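Input: a single structure, listed below in structure tokens.
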Amino acid sequence: MISVGQTDVPFSPGRQTSPASGAMLRCGLELDGELLALAAASHSGEDFHVDGVRKILSAAGLSEGDLRCPAGWPLDTGTAHGMIAAAAPVEDPDELLG
């Protein structure tokens, strides 16, 4: 066995070890590599994250509207500024209200 870093300090492994991550896989979610990492962890809303989410939704026959969550600005500052600069429109404002 090897150890790296401060092995005597408590840590939180994060969301990737949550029961929800395991449940997604047991319920038939077939993801590999980057898409599996995206589904199992937090992300900052960069363009490649959004593209990945769209791929996952499409594979399940769903769209962004099926998420039923309010729109929000990406945590990634560069992506947020890019959306503002591009004046990224909301396709259907009524969907934001659920």
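No experiment lies behind these values; they were computed from the predicted model shown. By convention here, the first residue in the shown sequence is residue 1.
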How long is the gap from [atom1] on [X] to [atom2] on [Y], to the nearest 0.5 Å?
| X | Y | atom1 | atom2 | result |
| --- | --- | --- | --- | --- |
| L38 | K55 | CG | NZ | 10.0 Å |
| H49 | E34 | NE2 | CD | 9.0 Å |
| W73 | H81 | CH2 | NE2 | 9.5 Å |

For D76, which residues count as a side chain to side chain donor-acceptor pair (under 3.5 Å) partner, sequence neighbours excluded?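 Only T79 meet the side chain to side chain donor-acceptor pair (under 3.5 Å) criterion with D76.
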
With sequence neighbours excluded, tell me which residues meet side chain to side chain donor-acceptor pair (under 3.5 Å) with E46.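 Expected list: S44.
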
Check side-chain contact (heavy atoms from CB on, under 4.5 Å) between L57 and all other residues, then give those that pass, not counting sequence neighbours.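 L57: side-chain contact (heavy atoms from CB on, under 4.5 Å) contacts with V53, L62, E64, L67.
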
Do you know the tightest heavy-atom contact between A39 and I56?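 For A39 versus I56, the nearest heavy atoms are CB-CD1, 4.4 Å.
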
Minimum heavy-atom separation for G45 to P74, with atom names?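 Minimum heavy-atom separation between G45 and P74: O-CB, 3.4 Å.
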
